[in-house]
Amino acid sequence: MTPKGKLIIIGGAINTGSFTETQFGLPENMNFFERGILKRIAEESSKKIESRFEIITTASLIPEKVGEEYIKAFAQLDVQNVGILNISSREQANSAENCERIRAADAIVFTGGDQLRLSSIFGGTAIHDILLEKYNQEDFVIAGTSAGAAASSKNMIYQGSSKDALLKGEVKITGGLGFIDGVIVDTHFVQRGRIGRLLYAAASNPGILGIGLGEDTGLYISDGHVMQAIGSGMVILVDGKHMKDTNLTDVAMAQPVSINNMVVHVMCEGDTYDLHTHQLVIHHSKSIGIIS
């Protein structure tokens with residue numbers, strides 16, 4: 001089934017159009033302007049600025065503060081119909097009242113924080129089922145930043161140091177919320193040097209495309225498979241389909257892993273990648289001449 005909804009996943013810290021999140025999920029730099037990522041989320045919703053938005057702050061340790069900042073940010077874009085859902089238990093993720101709010105929404109945004117809170121609290125609940133149904137059957141936007149982006153895929157990285165990522169067993173992977181399959185997402189990618197985490201994830205399952213989202217950068221995904229880079233930074237794709245060999249199954253835990261022939265792509269704003277054809281199309285903007 002081709003999803004009718006749209007998925008927007010954002011790498012985290014932001015200078016031009018979304019915002020910076022600390023380890024606690026608190027936005028530090030709310031510099032939203034008309035070309036920013038948050039405006040893209042509003043524009044892609046079915047009723048534009050008249051849409052109903054629900055901000056899901058479950059991943060954050062300071063949900064009230066994060067929710068307030070999102071409301072202020074949306075207000076700068078003349079988006080007023082915004083609610084905050086601080087769901088902190090599976091009971092709340094199954095409550096009739098919260099389910100009705102999700103059913104009435106045109107778009108939802110998962111904030112940053114801890115992606116394991118998202119998967120463990122929402123996985124298999126009524127709200128999770130409603131989100132999957134709306135995403136597949138309606139013109140519905142699901143957006144996520146940082147932890148919200150990491151939890152969007154069927155497979156999810158939830159732990160692993162950047163320094164030791166290519167030691168066997170260091171990167172921990174579990175199931176995500178499953179809005180998109182065949183990929184695994186990592187965030188704050190360039191700034192925190194997380195290439196090793198995706199190399200390890202792709203080596204352990206070469207059929208999965210690793211997506212590394214730089215800060216102030218995201219992917220707009222339509223039809224479930226067409227990905228367009230948005231924002232000012234880079235998206236790194238790690239493709240293991242043509243990997244020739246790895247010693248992953250031979251070495252002991254905590255020992256280095258060898259990988260032969262892993263393919264890496266770099267996407268910038270406007271570039272597109274098709275998950276069906278595995279083709280990257282680079283957007284060539286008009287050249288700017290240099291006057292000597």
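Below, all heavy atoms of this structure are taken into account, side chains as well, without hydrogens, waters or symmetry copies. Positions are given from 1 along the sequence.
- A donor-acceptor contact shorter than 3.5 Å links the side chain of Thr246 to the backbone of Ser258.
- The CG atom of Leu213 sits 9.0 Å away from atom CD1 of Ile10, with the distance rounded to the nearest 0.5 Å.
- A salt bridge links Glu69 with Lys65; the closest basic N to acidic carboxylate O contact falls under 4.0 Å.
- Remark: Asp186 CG to Ile157 CD1 distance equals 4.5 Å, nearest 0.5 Å.
- With Lys134 contributing its side chain and Arg103 its backbone, the two residues share a donor-acceptor pair below 3.5 Å.
- Separation of atoms NZ (Lys244) and CG (Asn261) is listed at 5.0 Å; rounding is to 0.5 Å.
- Salt-bridge check for Arg40 with Glu44: passed, with a basic side-chain N closer than 4.0 Å to an acidic carboxylate O.
- Counting only distance, with no hydrogens or angles, the side chain of Asp223 and the backbone of Thr2 share no donor-acceptor pair below 3.5 Å.
- Under the 3.5 Å distance criterion, the side-chain polar atoms of Arg197 are left unmatched by any main-chain donor or acceptor of Ala165.
- To the nearest 0.5 Å, atom CE of residue Met227 and atom CG of residue Leu280 are 9.0 Å apart.
- In terms of hydrophobic clustering, with Ile, Leu, Val, Met, Phe, Trp and Tyr side chains grouped at heavy-atom distances under 4.5 Å, Ile108 and Leu132 are assigned to a common cluster.
- Within 6.0 Å of CD in Glu91 there are 12 or fewer heavy atoms belonging to other residues, nucleotides or ligands.
- Rounding to the nearest 0.5 Å gives a distance of 8.5 Å between OG of Ser204 and CG of Asn155.
- Residues forming a side-chain contact (heavy atoms from CB on, under 4.5 Å) with Leu116 (at least two apart in sequence, or on another chain): Asp114, Ser119, Met156, Tyr158, Thr174.
- Side-chain atoms of Leu167 and Tyr200, non-hydrogen and from C-beta on, never get closer than 4.5 Å to each other.
- Checked by atom type and distance alone, the side chain of Arg194 never pairs as donor or acceptor with a backbone atom of Gly160 at under 3.5 Å.
- Using a 4.5 Å cut-off between side-chain heavy atoms of Ile, Leu, Val, Met, Phe, Trp and Tyr, with links allowed through other members, Ile49 and Ile55 fall into the same hydrophobic cluster.
- Among residues two or more places apart in sequence or in another chain, the ring pair (Phe, Tyr, Trp, His ring centres under 6.0 Å) test is passed with Phe122 by Phe110.
- Scanning all heavy atoms of the two residues, the minimum distance from Arg117 to Ser120 falls at O-OG, 3.5 Å.
- The NZ atom of Lys47 lies 11.5 Å from the CZ atom of Arg52; values are rounded to the nearest 0.5 Å.
- Among the candidates Thr217, Leu219, Ile8, the single residue satisfying the side chain to side chain contact (heavy atoms under 4.5 Å, CB included) test with Ile230 is Ile8.
- For Lys241, the side-chain contact (heavy atoms from CB on, under 4.5 Å) partners two or more places apart in sequence, or in a different chain, are Asp239, His278.
- Val263 and Ile236 fall into different hydrophobic clusters, where Ile, Leu, Val, Met, Phe, Trp and Tyr are joined by side-chain heavy atoms under 4.5 Å apart, directly or via other members.
- The heavy-atom pair separating Cys99 from Ala93 by the smallest distance is SG-O, 4.3 Å.
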side-chain contact (heavy atoms from CB on, under 4.5 Å) for Ile180 and Leu275? Distances and angles first, verdict last.
CA-CA 10 Å; Ile180 185 169; Leu275 289 170; 3.7 Å; yes

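- In terms of modelled atom types and a separation under 3.5 Å, the side chain of Lys168 and the main chain of Val257 share no donor-acceptor contact.
- Taking the side chain as every heavy atom from C-beta outward, Asn205 and Ile173 never approach each other to under 4.5 Å.
- For Asn94, the side-chain contact (heavy atoms from CB on, under 4.5 Å) criterion is met by Thr125, Ala126, not counting sequence neighbours.
- At least one side-chain heavy atom of Ile184 sits less than 4.5 Å from a side-chain heavy atom of Leu198.
- Side-chain atoms of Tyr70 do not come within 3.5 Å of backbone N or O of Glu54 as any donor-acceptor pair.
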Applying side-chain contact (heavy atoms from CB on, under 4.5 Å), run through Ile195 and Val238 and close with a yes or a no.
CA-CA 9 Å; Ile195 183 67; Val238 176; 3.9 Å; yes

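- Under the side chain to side chain contact (heavy atoms under 4.5 Å, CB included) rule, Ser153 has a single partner from Ile9, Leu7, Val183, Leu177, which is Val183.
- Of the possible donor and acceptor atoms, none in the side chain of Glu215 sits under 3.5 Å from a partner among the backbone N and O of Gly233.
- Classification of the Tyr273-His265 ring pair by plane angle, with boundaries at 30° and 60°, yields tilted.
- Met262 CE: more than 12 foreign heavy atoms inside a 6.0 Å radius.
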For a side-chain contact (heavy atoms from CB on, under 4.5 Å) check, start with the C-alpha distance between Leu166 and Ile259, then their side-chain angles and the critical distance, and finish with the verdict.
CA-CA 10 Å; Leu166 284 171; Ile259 303 169; 4.2 Å; yes

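- For the side chain to side chain contact (heavy atoms under 4.5 Å, CB included) test with Ile56, the passing option among Ile121, Val109, Ile102 is Ile102; the others fail.
- Residues passing the side-chain contact (heavy atoms from CB on, under 4.5 Å) test with Ser46, sequence neighbours excluded: Ser51, Asp106, Asp139.
- For Phe53, the ring pair (Phe, Tyr, Trp, His ring centres under 6.0 Å) test picks out Phe74, with sequence neighbours left out.
- Looking at Thr57, its side chain never comes within 3.5 Å of a backbone N or O of Ser60 through a donor-acceptor pair.
- Under 3.5 Å, the side chains of Thr272 and His283 contain no donor-acceptor pair of N or O atoms.
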